[in-house]
Each structure stands twice: as structure tokens, then as C-alpha cells.
Number of protein chains: 2
Amino acid sequence: MVETAPSTGSVGGRDRRSARPTIKDVALLAGVSLKTASRVINDEPTVNPELAKKVRRAAKVLDYRPNLIARNLRRADRFTHTIGLVLFDASNQFSSAVQRAVENIANERNIVVISSSVEEDPQREKDATLALAARQVDGLIIVPTGDDQSYLANEQSNGMNIVCVDRSPQLLRTDTVASDNYGGAKEAVRHLIKQGHKKIAFLGDRAHIATMIERRRGFLDALEEAAIEPNPALIVIDLHTAEGINHAVRALFQTDSPTALFTAQNLITLETVRALHQLKLEKLVSLVGFDDFAASDIVDPPVSVIAQDPAEMGRRAAMMLFERIDGRVGPAETVTIPVKLIIRGSGELPISEGELTARLTELRKA
Amino acid sequence: MVETAPSTGSVGGRDRRSARPTIKDVALLAGVSLKTASRVINDEPTVNPELAKKVRRAAKVLDYRPNLIARNLRRADRFTHTIGLVLFDASNQFSSAVQRAVENIANERNIVVISSSVEEDPQREKDATLALAARQVDGLIIVPTGDDQSYLANEQSNGMNIVCVDRSPQLLRTDTVASDNYGGAKEAVRHLIKQGHKKIAFLGDRAHIATMIERRRGFLDALEEAAIEPNPALIVIDLHTAEGINHAVRALFQTDSPTALFTAQNLITLETVRALHQLKLEKLVSLVGFDDFAASDIVDPPVSVIAQDPAEMGRRAAMMLFERIDGRVGPAETVTIPVKLIIRGSGELPISEGELTARLTELRKA
DNA sequence: CCCCCCAGATACAACGTTGTCTGAAAATTA
DNA sequence: TAATTTTCAGACAACGTTGTATCTGGGGGG
């Protein structure tokens with residue numbers, strides 16, 4: 001599977017000393033002082049056009065590009081024109097939509113985004129975040145993973161601008177952009193109750209994550225509103241692997257048998273639908289998920305969801321961050337982005353107790 | 001939607017001069033020279049343990065963290081322990097799987113990944129890539145967007161290590177990790193031909209992208225093998241927006257009517273299935289897509305695909321890059337990652353000319 | 001007792017760049 | 001024409017750090 005390319009010069013093995021030209025080389029070639037070359041590179045007007053032309057030609061010949069590391073070290077304003085983005089998981093659709101939105105806003109301002117994906121590991125979150133800070137980013141956008149962001153307190157008091165997205169930071173106060181998690185969850189469950197469901201299960205991620213707490217609260221309040229006693233056996237948390245979710249769904253139908261499910265996160269929704277397919281229950285058990293995903297409308301049956309707007313969240317977070325970088329002072333703010341119930345079918349299946357019971361008996365026999 | 005947090009100190013508005021402590025502050029507090037403090041920070045053994053302890057305590061008190069920008073500037077080896085990753089679109093599942101794999105490998109080596117998403121814009125690709133190079137990254141992993149990467153020639157000859165993923169670079173020779181695009185496409189189309197299809201359409205992305213060229217070649221060769229004359233009207237390229245794809249699919253069935261489709265990219269597959277649903281053709285027209293996507297197995301009908309292995313591609317790319325950074329010299333290599341036909345249903349629909357014709361007539365009337 | 005050596009600390013230069021200050025020549029004014 | 005201002009190039013320091021050279025003092029050997 002490895003083939004070497006036909007005869008060409010070797011690549012790799014950088015001789016790190018002989019590398020890139022510096023402004024000194026440019027000045028030398030142009031026959032001016034180093035500072036004059038610097039002036040030309042930075043478009044300062046106080047240079048004789050003749051000389052400027054010579055410098056520019058030299059820079060072009062050498063393919064000179066300023067070393068931004070050196071520049072950032074020296075520049076008075078101390079802006080590196082770089083922001084850091086910490087994601088809980090780059091391959092989650094929610095994350096990558098946020099990333100894309102942030103990059104688009106940053107791009108308009110010629111700001112580079114340094115992103116780190118921490119795979120839901122709080123230690124990695126901390127390491128990555130501090131590594132970004134040590135690189136002197138102008139600000140941080142974080143989708144928190146762990147339940148303690150206090151390691152940022154010093155950075156913040158040193159003036160680092162921080163915006164959290166999706167999940168509020170814990171033990172730290174920062175600008176935050178979040179969805180209406182409570183309201184959305186409540187709406188989802190109300191919707192299921194309106195369809196006639198009474199045995200509704202909650203499938204959620206790690207219990208300490210702020211969004212999960214809110215979504216579960218919404219779930220419980222919707223039940224209470226309808227005077228439905230919550231059944232603890234129908235509340236499953238700590239789901240974050242495909243296997244775990246599959247197992248949990250099967251377990252649910254082995255013993256208790258909900259007639260509807262509320263899945264509190266996009267990956268959980270996806271895996272739950274997959275499990276329902278395997279159990280041939282997808283047409284018999286209703287489901288509403290929190291957070292939309294790419295193919296939700298062409299799944300069988302199409303999945304009803306509480307849709308978040310990750311692009312808007314990323315956009316707002318980036319804008320809040322840039323305002324702070326531009327000098328806005330004031331107390332930390334929280335922006336809540338509304339969510340929307342999208343009805344597609346999975347949450348509005350006709351209820352037929354008979355068929356469901358039949359299928360479940362069949363399953364339990366097997 | 002904006003609420004201010006209850007009484008706390010303000011955030012933002014960094015006083016950029018009074019910011020973070022430097023090693024000078026640490027040395028001062030510890031009562032030693034700057035260089036001694038530096039030695040302690042860098043775990044050099046030639047320091048009296050007494051003093052070392054004092055320095056460490058001072059560093060802790062001040063919450064000192066080295067300024068990596070300054071360090072990188074000075075350090076002899078010139079490694080910044082940072083690599084750049086340029087993606088064609090962060091929100092594409094393929095891209096984000098690559099990103100995740102690269103970050104995982106990099107993380108093991110304590111390397112930070114700076115990534116840029118360029119939204120399939122060649123100019124942005126160039127800008128972003130050079131911006132990363134100017135930040136002195138130790139290497140670059142690029143999923144090329146444009147049809148000319150020669151702007152990197154100087155960087156490369158200055159010793160920058162570059163690995164391309166998915167799409168080969170054009171007008172430049174670098175290490176490359178790619179799928180077996182030709183073989184995969186051929187296999188997909190052979191599979192459709194084996195099911196009895198003769199009128200097979202090709203739906204592809206921008207024509208200049210290396211992968212598209214290969215996949216189209218595979219498509220055409222499979223037809224030729226079976227002595228099927230390709231019909232130019234069934235070859236649609238330059239698809240890259242949801243609307244465009246929807247429109248193209250509708251157009252296909254207005255005039256010519258393929259009985260099967262080969263969609264050459266994941267986004268195209270998704271939108272094509274969506275369009276088929278709208279036209280109520282999803283059970284009548286067969287489809288095989290190139291590149292898998294998250295919900296492909298629970299879509300109605302489940303989508304048969306040629307699955308790539310983006311995680312493996314990212315992993316291999318990162319490993320090749322690190323080998324180069326570690327000093328491996330030699331000609332540029334190309335690694336081909338095998339692909340796999342996954343049969344799920346959409347490519348194996350029973351052919352019923354009658355029903356299809358009926359539905360099409362109905363459609364054209366409307 | 002002197003010299004040397006070594007451990008271990010400090011002083012100074014350097015990385016590539018930009019901020020500040022100085023100086024020289026040109027341009028303007030009196 | 002002399003005095004003064006303006007223009008603009010260059011010298012030098014500095015950013016925060018590490019590499020190298022130098023210094024200091026204490027211990028051991030002659």
C-alpha cells in the first residue's frame with residue numbers, strides 16, 4: 001500500500017538552521033537597514049518610494065514572510081490575532097457546526113483559530129486550554145467538558161477573554177452562549193404527553209454536564225405538570241458510547257417498557273434509533289431527540305427533534321469574544337439561543353398498545 | 001435573551017501591559033537570577049535543590065506559565081510543538097473524523113494542532129496555510145481544496161514537512177494519504193451493473209478535485225468493462241450545495257431516467273437521498289454512495305456505500321508527518337487506504353421498470 | 001599555603017521583529 | 001544666506017526566553 005513516488009528530490013529532513021529568510025536577509029539584499037525593511041513590510045509611509053520598491057522586490061525574490069512568532073513577541077499591542085477553540089469532540093456534528101461558525105467569523109477579521117478536541121476528557125480540556133493560553137491567544141471559546149473550570153481563574157484575572165458555549169462553566173463566571181435546554185426538554189416531553197404517552201424514558205449523557213442537568217430538569221417538570229409520577233427505572237444517564245446506549249435501550253424493554261423516549265443528545269438519539277431498528281421497535285416506540293443531526297429527516301421514521309442552532313451559537317460566541325477583545329468591559333453575560341421543535345414523525349407515531357406488547361413478548365422470548 | 005449575571009467583578013477589557021507574570025517576576029520573588037529560574041523551570045539538574053524549591057514555590061504562587069511564543073523564538077531546535085491542519089470543511093463528517101484522528105495522535109506526543117477550515121475556497125486555503133507556516137508550525141497536514149498547491153513550494157524547500165490527505169496535491173509533490181478512489185468507484189458501479197442496471201448516473205463534486213477525477217474514471221471504466229456506452233446527460237458534476245443537488249436530481253428524472261445513481265461524495269449522497277424522498281423515488285431508484293455517513297444504516301432504505309476510513313487516514317497522515325519531523329528523509333510517498341463496499345439495501349433494490357415508469361409519468365405531469 | 005578544579009550561580013548575547021530615539025540631509029522659512 | 005523645520009534612514013533597545021561564556025567560592029591536592 002505504500003508506493004514511492006517516481007524520481008524527485010527528497011522531501012523532509014528539514015535543516016532547521018538554514019530555513020526561511022528573515023527580514024535581515026531582505027534588508028541585506030535590498031541594501032538598506034533592517035529597520036527600513038521593517039518599515040516597508042509594515043507599510044509605514046515614511047519611506048522613500050525608491051527604497052520601498054527595492055525592499056519589496058527583495059522580499060519577493062526571497063519569498064520572505066514575517067515570522068509571526070517574533071512579531072507577536074515584540075508588538076506593543078500584544079495581539080497575536082489568534083483565538084483558541086476547545087471542543088468536547090471534533091467529530092460531533094454539534095461541535096463541528098460551532099467550529100465552522102467560529103472560523104467564519106474569525107476569518108472575516110483575519111484571526112486564526114487554534115482548535116483542540118478533547119474527547120470529553122476533563123484533563124485534556126485543562127491541558128489543551130492552558131496550552132492555548134500559553135500560546136498567547138487573544139481569547140478562548142470553550143465548550144466545557146469537565147465540571148470545574150476554575151483552573152482558568154488566573155488567566156481570566158490576567159485579562160484573558162473567555163466565552164463558553166453550550167455548557168456553562170462551573171466554578172467560574174464567563175460570558176456564555178447556551179441553548180434553552182430546560183425549555184426545549186420540557187417542550188419535547190410535553191409534546192409526547194400530548195400524544196398520549198405516560199411512560200416516557202429519559203436517556204442522557206454524563207450526569208454532571210450542565211446541559212444534561214437542565215434537560216433532565218425540563219423532562220421532570222413536564223411530567224410533574226401532567227401529574228405523571230416519574231419512574232426512576234426510566235431515567236438512564238451516563239450514556240456516552242454506542243455500546244452503552246444499545247445496551248441501555250435493550251435493558252429498558254426487557255423490564256419496564258416505555259411507550260416513548262426522550263433522548264437528550266444527538267449521539268444518543270442516533271444510537272437509540274439504531275437500537276430500535278435492531279429490535280424492530282422503531283415504528284412502535286415514539287421518540288423525540290434533543291439536537292438535530294444530518295440525516296434526521298430521511299431516517300425511518302423521520303426523527304422529531306428539538307433543534308438547536310449550533311451555527312448561531314458559534315457565531316454569537318465569536319462575536320461576544322471579539323467585543324471583549326475590542327475592549328468591552330462589564331459583567332459576564334449569558335445569551336440563550338432559542339430551540340425549536342421539529343415534527344417529523346418519530347414523535348407522533350400512532351399508539352397501538354397491542355402491537356407493542358406483542359412485539360415485546362416476542363422479544364423477551366428470544 | 002441577554003441577561004447579565006448577578007453581581008460579580010467585571011470581565012474583559014484586558015490591561016495588556018499588566019498581564020501574566022514572566023520568569024523575571026518568578027526570579028525576583030525567589031531571590032535568584034533570571035537564568036537560575038529558567039533552569040529550574042526546564043528541569044536542568046545543575047541547580048541547588050534549596051534554590052530549586054524556592055523557585056518552584058514562587059512559580060506556583062504567581063501561577064507562572066512560560067510564554068511559549070518567546071520560548072519558541074529562542075529555542076535552538078526551533079520546534080514549536082505545533083502542527084497545522086487545513087480542512088476543506090470542518091462540518092463535513094469526513095473532515096472532522098480526520099481532524100479527530102490527527103488530534104489524538106498529536107495529543108500523545110504533546111503536540112498542539114492548529115486547524116483551519118477553508119470552506120472549499122482555494123484562496124482561503126492558501127491564506128490559511130501560509131498563516132500557519134508563518135506561525136512556525138513544525139508541519140502541515142492539508143486536505144487540499146484548490147487545484148494548485150505550488151504556493152507551498154518555497155515552504156517545502158525551506159524544510160516544511162507537508163502531508164496531504166484525501167486529495168493529492170497539484171503541482172507539488174508531498175507525502176499523501178488517499179483512499180482507493182478509482183477502485184472504490186469501480187466497485188460501486190460494478191455492483192450496480194451486477195444488479196442489472198444499465199442506466200447509471202454519476203453525481204459528482206467540482207470537476208478539478210483530484211478525488212472526483214479518480215472516482216469518475218472508476219465509474220467510466222466500470223461501464224466500459226460491461227460494454228455500456230456512457231450517456232453524457234447522466235454525468236452531473238460541480239455539485240456542492242444542497243439546492244444544486246436537489247435541482248440536479250430533479251432534472252435527471254425530468255428528461256433521462258437513470259435506474260441507479262452513483263453519488264461520489266457524502267454530502268451529495270445525503271442530499272440525493274433527500275431529493276429522492278421528496279420525489280418518492282427512494283424505493284424505486286438504486287443508489288450507492290462514496291463515503292459513509294453517520295445515519296446511513298437507519299435511513300429508509302439503508303444506504304449502500306463505499307466506506308472510506310477517515311480515522312485511519314488521519315492517523316496515517318499524522319504518523320507520516322511525525323516521522324518526517326523526526327528526521328526521516330526520502331522521496332515523497334503515497335499511502336492508499338483501502339475502501340469497502342457496505343451493502344445495506346439502497347443499492348440492491350428490486351428493479352421494477354413498471355413502477356418506476358408509472359411514478360415518473362406521474363411526476364412529469366405534476 | 002597556593003593552585004586548581006568543580007559545582008553552581010550569574011552575566012550577556014541571541015532569536016526575529018518592532019518601538020523609540022538620534023542624526024543627517026533636504027526643504028522651508030525668515 | 002542662515003536658521004529652522006521637515007523628512008526619513010539608521011542605531012539601539014526591548015519583548016521573554018534559552019544558549020554560552022564567565023565568574024565565584026569552597027574543597028582537595030601538591
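Just so we're on the same page: letters track the sequence lines, and every chain starts at 1. Hydrogens, waters and symmetry mates are skipped; everything else that's a heavy atom, side chains included, is used.
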TODO: Specify the separation, in whole Å, of atom CG of Leu73(A) and atom C1' of dT18(D).
DONE: 12 Å

Open item on the list: Please check this pair: side chain of Asp25(B) against backbone of Thr22(B), looking for a donor-acceptor N/O pair closer than 3.5 Å.
Closed with: yes

Open item on the list: Would you say Ser115(A) and Ser115(B) are linked by a side-chain donor-acceptor pair, where the criterion is simply a distance under 3.5 Å?
Closed with: yes

Task: Side-chain donor/acceptor of Arg74(B) to base of dT18(D), under 3.5 Å - done: yes

Task: Value in whole Å for how far the P atom of dA14(D) lies from CG of Asp77(A) - done: 19 Å

- [ ] Using only side-chain N and O atoms of Arg71(A), determine if any of them is under 4.0 Å from OP1 or OP2 of dT18(C).
- [x] yes

Task: Arg56(B)/Asp43(B) salt bridge by N-O under 4.0 Å criterion - done: yes

Open item on the list: Any side-chain to backbone donor/acceptor pair from Thr80(B) onto Gln136(B)? Under 3.5 Å, distance only.
Closed with: yes

Task: DNA chain D: 5'-proximal contact among Ile69(B) and Glu44(B) (nearest heavy atom) - done: Ile69(B)

Open item on the list: Distance check needed: dT18(D) C1' versus Asn67(B) CG, whole Å only.
Closed with: 13 Å

Open item on the list: Measure CZ/Arg78(A) against C1'/dA14(D) and give the value in whole Å, please.
Closed with: 10 Å

- [ ] Answer yes or no: does a side-chain N or O of Asn48(B) lie under 4.0 Å from OP1 or OP2 of dA9(C)?
- [x] yes

TODO: Calculate the interatomic distance between Asn72(A) atom CG and dT17(D) atom P; express it in whole Å.
DONE: 15 Å

- [ ] Compare side-chain N and O positions of Tyr64(A) against OP1 and OP2 of dG16(C) and report whether any pair is under 4.0 Å apart.
- [x] no

Open item on the list: By the 4.0 Å heavy-atom rule, please label Ser38(B) as base, sugar-phosphate, or nothing.
Closed with: base

Task: Side chain of Pro66(A) (C-beta onward), nearest among dC15(D), dG19(D), dT17(C) - done: dT17(C)

Open item on the list: Without decimals, in angstroms, what is the distance between Leu68(B) CG and dT17(D) P?
Closed with: 9 Å

- [ ] Answer with base, sugar-phosphate or nothing: what part of the nucleic acid does Asn42(A) contact at a heavy-atom distance below 4.0 Å?
- [x] sugar-phosphate

- [ ] Give Leu34(B) one of three labels, base, sugar-phosphate or nothing, depending on what nucleic acid heavy atoms sit under 4.0 Å from its own.
- [x] base

Open item on the list: Would the base of dG19(D) count as contacting Lys35(B) through its side chain, where contact means a donor and an acceptor less than 3.5 Å apart?
Closed with: yes

- [ ] State the CE-CZ distance between Met313(A) and Arg315(A), to the nearest 0.5 angstrom.
- [x] 13.0 Å

Task: Per Arg75(A) side chain, nearest of listed nucleotides dT18(D), dT18(C), dA9(D) - done: dT18(C)

Task: Donor-acceptor pair between Arg124(A) and Asn104(B) side chains, under 3.5 angstrom - done: yes

TODO: For Thr36(B), report the nucleic acid contact type (base, sugar-phosphate, nothing); a contact means any heavy atom under 4.0 Å.
DONE: base

Task: N or O in side chain of Ser33(B) less than 4.0 angstrom from dT10(C) OP1/OP2 - done: yes

- [ ] Report the distance from atom NZ of Lys53(A) to atom P of dC8(D), rounded to the nearest whole Å.
- [x] 17 Å

TODO: Let me know the distance between CZ of Arg39(A) and P of dG16(C), rounded to the nearest Å.
DONE: 20 Å

